[in-house]
Structures are given as structure tokens and as C-alpha cells.
Colleague: 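Got a structure here, written out as C-alpha cells. Questions coming.
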Amino acid sequence: MAGTTSQPTQPTARTRSWWGWGWADAHPDDAECTAMGALLPGTLSRPLPVPRVRDLAVAAPAVAPPRSLAHLVGADPADRAAHSMGKAYRDVVRALRGRPGRIPDLVARPTDDQGVADLLDWAGERQVAVVPYGGGSSVTGGVEYRGDAHRAVMSLDLTAMGRVLEVDTEGRAARIQAGTLGPSLEDQLRPHGLTLRHFPQSFEFSTLGGWLATRAGGHYATGRTHIDDFVQSLRVVTPAGISESWRLPASGAGPSPDRMFLGSEGALGVITEAWVRLQERPRHKASAAVAFTDFRRALRAVRALAQSDLSPANCRLLDTGEAALSGAAHDGSSVLVLGFESADEPVTARLERAVALARSHGGRYDGSGGDSGVGGSKGSPEASPDGDAAVSAWRSAFLRMPYLRDGLARMGAVAETFETAATWDRIPDLIDEVRREVGEAAVKATGFPATVNCRLTHVYPDGAAPYFTVLAAGRAGDEVAVWDDLKAVASEVLHRHRATITHHHAVGRDHRPGYDRQRPEPFALALRAAKGALDPRGILNPGVLVD
């Protein structure tokens, strides 16, 4: 039966960084930045200063909203600057260099579907580009405007629509507004004993609508890896009207309307609500870290796990560099991080079977990863308790890494990630060639060697999702161009191996060239037609997915 409406969590007193990742008070200080830079040849001698909004040239808005919408729209310079881009490395560097790009003229915060529809109607009449915005954690240029084809730009911030509206405890599902941030979503579900249990790394700073619009990957390394797997139905406001699919457990009635909007990145409409599938909060957890001296044997172990019936919640393979960077191992080993969880039965036996399988492929395990028997943890799974030191080190590094990336950016370094997915027959050579060719391109671009690490974040019976970390020197004042060059080289390797341009970070604007090459032309033709039908004036997130 349906439960009562929940109230969103009250906002925290902490301040979000307008220019970098996460909380402003969590960034490395100057001393820590300098210490990190000293470990990477070719960086600056002192960190770039933290950028200030008052140093930016924020022009007056080119348009003003009508009186009927003025209560939903603001033009505060700091608010506009914070909505000008996402949180990719190139965004951080542009902010550090005082070149954030096109700053939106207005920031709108609708509180209901009617407000969204009214804002879209006005924007269409005035040729104002509308960029839907959730938590702003995009790392592919998905929430910024590029170009000058529109009279003005409005960032459509949905976070005022942040409530769990209805909970069906019998069907274990909930109707949730798209602007609900991850922690608030889980807090509102907790009294019902249920959880969505979708935890991307951006969990604190991203919304349900953002996850849906980008087909975000989450906590689970196997099985339900993407937000797609949790969707029952969507409600989407478009300039052509409101699309609301039926709430069904499954359907074979033609192409799925939800599939058209999942991953559409606000180019076809604004997702405002979704019914999503929930589950009981896990009470049993167990984890372990298995070391390997041979990375290719470790890949075979992971493939065997993915093709077994064990279904680990976490199955992340860190290469030697990634293991050392995270503190999971310092002896040159690769490390497989395993985790199991269940709401109703102990998981120790499954963990033991997984460890035995890994050992049969040359893995080494000396610890104890017994069932913790804990209740569902608050927040992301990276905070849940376990007794394995290597797993704990990895979790801590996982959450801290985006802040360290921003610290390295202040030192003029290139520090960024990208991810992909491919079938198992292509994975070993793909990883080797990305490491080699991106490393060679970094030396050519900067004159200094680079570090290119890899981990597997999600695994499937037929393939895996490698996730690469690049650490390299930059060129003072030209860091974005260096990264763009390295990303172009990596994209060529991915295309050569028929690996996707993105497994879970969306297309945005940065991945458009790779996406255009990956998708079949008949599908591109259909997508352009859908864009023309749903957004005839071309105001919704121009430049994303299609022109």
C-alpha cells in the first residue's frame, strides 16, 4: 500500500565549492597541494589561488523573466557562476584560470511541473537556451552552454523539487521528484525500511533526475549496475507536452518510452518524477581484498566471478598503480576488492566461494572478511564497516580522490579519469594500449612521463568496464588543451577496439565526437527527429547528443 509523503532533509550548513568538487572546506590546503605536486614532475612550484567569483567578469543578464515567473528565477552572480559548468578536470582548470565559459544569464528553481512547463514556454518564445541542472556533478560538459546561437541561457535547477512523494511498501517502489539529492532520497526512504541503493561516487552531490538523464552507474559491480535497472516509469515535461509512462513491472508493448528519455541529458525533455524500484536495507555484509602478482590472471579471475552465480555487490579490480594510489597495496600487487550484502541471510559463504575462485586463478588472500551482520548503513556503501584494511583504504581513497584531483589541478597538473566498456576478448589489449598510447602522448605533449592507471568498476558475464586515471604534467596556462589531446588519443584507442565512449558518465559535449561515431546512422536520424518533435525551437540543452 502507498505510504505517506516524506519531507526532504534540511540543507546542511556547509558550503558547496562553486569551482571544484564537493564541499569547499574539504579541499586540500596550499601545503597539501604543494606536497602532492612535488611527487609529479613538471608541476608548478606553488598552487594556483582558489578562484573567487568576484574576480570574474559576470555580465548583466541579457533577458529578464516575466513578472509571473520572477519568483522562480534569480540572477545572483555567484549563483550563476556556480551553474556555469560541471566538475570535470577541464571545468576546474577553466575556473582556476578565470575562464569558466558562458555563464548563464539566469538560474531558475521551479517547485512543480507547472513551473517547469511555464519556464520552457517562456524560454521558447524568447529563444533562451535551457540547461537542466541537478547537482551539477557532470564530468562531460553536460550542464554548460557552448556557442552563441541563443539570445540568453537559463540554468534550470531542479533541486527545489526534492521530495519522496509516495512509497508503495507492498510493491517496494517509490515516486520521487527528480531534484532529490542522494542523501535526502535515502533519508526519506529510511523510515520505511527501504532503500534505492544506487550510490555513484557523486552520491552526495547528484540527484535522481541527473542519474536518470545520464544513465548513471552506481554501487553494484554486477547485476543492477545502472539506474536503468531501477526504473518503473518516468514523468517528463517537454515543450511539446508532458510524457508520463505507466507504472508497470514489465511490458512488451512496443519500444519503451522510458528508454527514450533515459540518457537523454535534458535534450528531449526535463525529467521531473520517477517511480523507482526499492529493496530492503542490507543487514549482512562481508568484504575482502585479494592480491595478484599477474594482472592478466586477475582479469581471468574477475571474468570467472562475473560468469558465476555469486553476484558480488562489489567486484573492483585495481591494477598495481591504482592499488598503490589508493593504499590498498604497496608491494606491486594488483588488488581485487570484493563485497557481498544481503537483507535476509549471511553472506560469508558467498564471499568464501568467491575468494576460493580468485585463489584458483593465482590470487592471494590472508585476511578475514567475515559477515559484519550490521544494519543498513546511512549514506553510501563506501562508509559501511568491515574488517579488511585494504578494502577500508580503497573506500577512503575512493571518496577523497576528487578533492585530490582538484588539488593537483591547482599545481598545474593533469589529473583526470575516463571510463569505457568492452567485451572480454578485447579487454586485455584495450587496457594495455590505452596505457601505452596515452602515456606516449603525455610525454609528447609535456616532455614528462605520465601515470596511467586502470581499475575495473563494473563487470558482466560478457565484458567489463575499465576506468582509467591519468596523472601528468600540464603546460602552464594550457592545461585544458593537454587534457583534450590525451582524451582524443584515448578515444581513438576505444574506437579502434569498439569500446564505448562512456559506460556511465554520459555523453555531454565532451564525448559528442565519440558518440557520433559509435551510434548507427539510422538511430541518429530517429534521434534528430525526436529532438525536432519534442523541442521544435531547439532550446533544451543545445549541443548535447544531437544538433
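Numbering starts at 1 and runs along the sequence shown.
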Colleague: Would you call Asp432 and Arg296 a salt bridge, using N to O less than 4.0 angstrom?
Modeller: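 Yes, Asp432 and Arg296 are salt-bridged.
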
Colleague: Between Asp516 and Arg512, is the closest basic N to carboxylate O distance under 4.0 Å?
Modeller: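 Salt bridge between Arg512 and Asp516, a charged N being under 4.0 Å from a carboxylate O: yes.
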
Colleague: Classify the ring geometry between His458 and His503 as parallel (under 30°), tilted (30 to 60°) or perpendicular (over 60°).
Modeller: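 Judged by the thresholds at 30° and 60°, the geometry between His458 and His503 is tilted.
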
Colleague: So, Thr272 and Gln177: side-chain donor and acceptor under 3.5 Å apart, yes or no?
Modeller: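 Judged by distance alone, the side chains do not pair up.
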
Colleague: May I ask you to decide if the ring planes of Phe418 and Trp483 are parallel, tilted or perpendicular, using 30° and 60° as cut-offs?
Modeller: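 Correct class here is tilted.
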
Colleague: Quick check: does any side chain N or O of Trp424 sit under 3.5 Å from a backbone N or O of Leu299, one acting as donor and the other as acceptor?
Modeller: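 Judged by distance alone, no pair lies under 3.5 Å.
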
Colleague: Should the pair Lys444-Asp485 be classified as a salt bridge under the 4.0 Å nitrogen-to-oxygen rule?
Modeller: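 No salt bridge links Lys444 with Asp485.
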
Colleague: If we ignore angles and hydrogens, is there a donor and acceptor under 3.5 Å between the side chains of Asp258 and Ser256?
Modeller: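 Short answer, no.
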
Colleague: Heavy-atom distance under 4.5 Å between the side chains of Arg316 and Leu456, does that happen here?
Modeller: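 Side chain of Arg316 against side chain of Leu456, heavy atoms only: no contact under 4.5 Å found.
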
Colleague: Hey, is Asp91 close enough to Lys87 for a salt bridge, meaning N to O under 4.0 Å?
Modeller: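 Not counted as a salt bridge, because no side-chain N and carboxylate O are separated by less than 4.0 Å.
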
Colleague: Is it true that Arg146 and Asp510 make a salt bridge, defined as a side-chain N closer than 4.0 Å to a carboxylate O?
Modeller: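 Judged by the 4.0 Å cut-off on N to carboxylate O distance, Arg146 and Asp510 do form a salt bridge.
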
Colleague: Does Glu144 pair with Arg102 as a salt bridge, N-O distance under 4.0 Å?
Modeller: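 Between Arg102 and Glu144 there is no salt bridge, as every charged N stays at least 4.0 Å from the carboxylate O atoms.
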
Colleague: Charged N to carboxylate O under 4.0 angstrom, Arg215 versus Asp229?
Modeller: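 No.
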
Colleague: Is the closest basic N to carboxylate O distance between Arg455 and Glu419 below 4.0 Å?
Modeller: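 Not counted as a salt bridge, because no side-chain N and carboxylate O are separated by less than 4.0 Å.
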
Colleague: May I ask you to decide whether Asp294 forms a salt bridge with Arg297, counting only side-chain N to carboxylate O separations under 4.0 Å?
Modeller: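 Arg297 and Asp294: not salt-bridged.
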
Colleague: Name the one of His505, Lys487, Gln518 that satisfies side chain to side chain donor-acceptor pair (under 3.5 Å) with His511?
Modeller: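 It is Lys487, the one option of His505, Lys487, Gln518 that forms the side chain to side chain donor-acceptor pair (under 3.5 Å) with His511.
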
Colleague: Have His495 and Arg517 got a donor and an acceptor in their side chains that come within less than 3.5 Å?
Modeller: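 The criterion, which ignores hydrogens and geometry beyond distance, is satisfied for Arg517 and His495.
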
Colleague: When you measure from the centre of the six-membered ring of Tyr220, is the NZ or CZ of Arg224 closer than 6.0 Å and no more than 45° off the axis?
Modeller: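 Arg224 over Tyr220 ring: yes.
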
Colleague: Under a 4.0 Å threshold between the charged nitrogen and the carboxylate oxygen, would Arg259 count as salt-bridged to Asp228?
Modeller: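 The answer is yes: the pair qualifies as a salt bridge.
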
Colleague: With the threshold set at 4.0 Å, does a side-chain nitrogen-carboxylate oxygen contact exist between Arg509 and Glu265?
Modeller: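 Glu265 and Arg509: not salt-bridged.
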
Colleague: Taking atom CZ of Arg498 as the centre, report whether more than 12 heavy atoms of other residues, nucleotides or ligands fall under 6.0 Å from it.
Modeller: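 Not more than 12 within 6.0 Å, no.
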
Colleague: Side chains of Asp157 and Thr159: any donor to acceptor distance under 3.5 Å?
Modeller: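 The answer is yes; a qualifying pair exists.
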
Colleague: Is the Trp23 to Phe205 ring centre distance short of 6.0 Å?
Modeller: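 Aromatic pair counts; centres sit under 6.0 Å.
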
Colleague: Test Thr222 against every option in Pro461, Ser311, Ser308 by the side chain to side chain contact (heavy atoms under 4.5 Å, CB included) rule and name the one that passes.
Modeller: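 Among the candidates, only Ser311 passes.
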
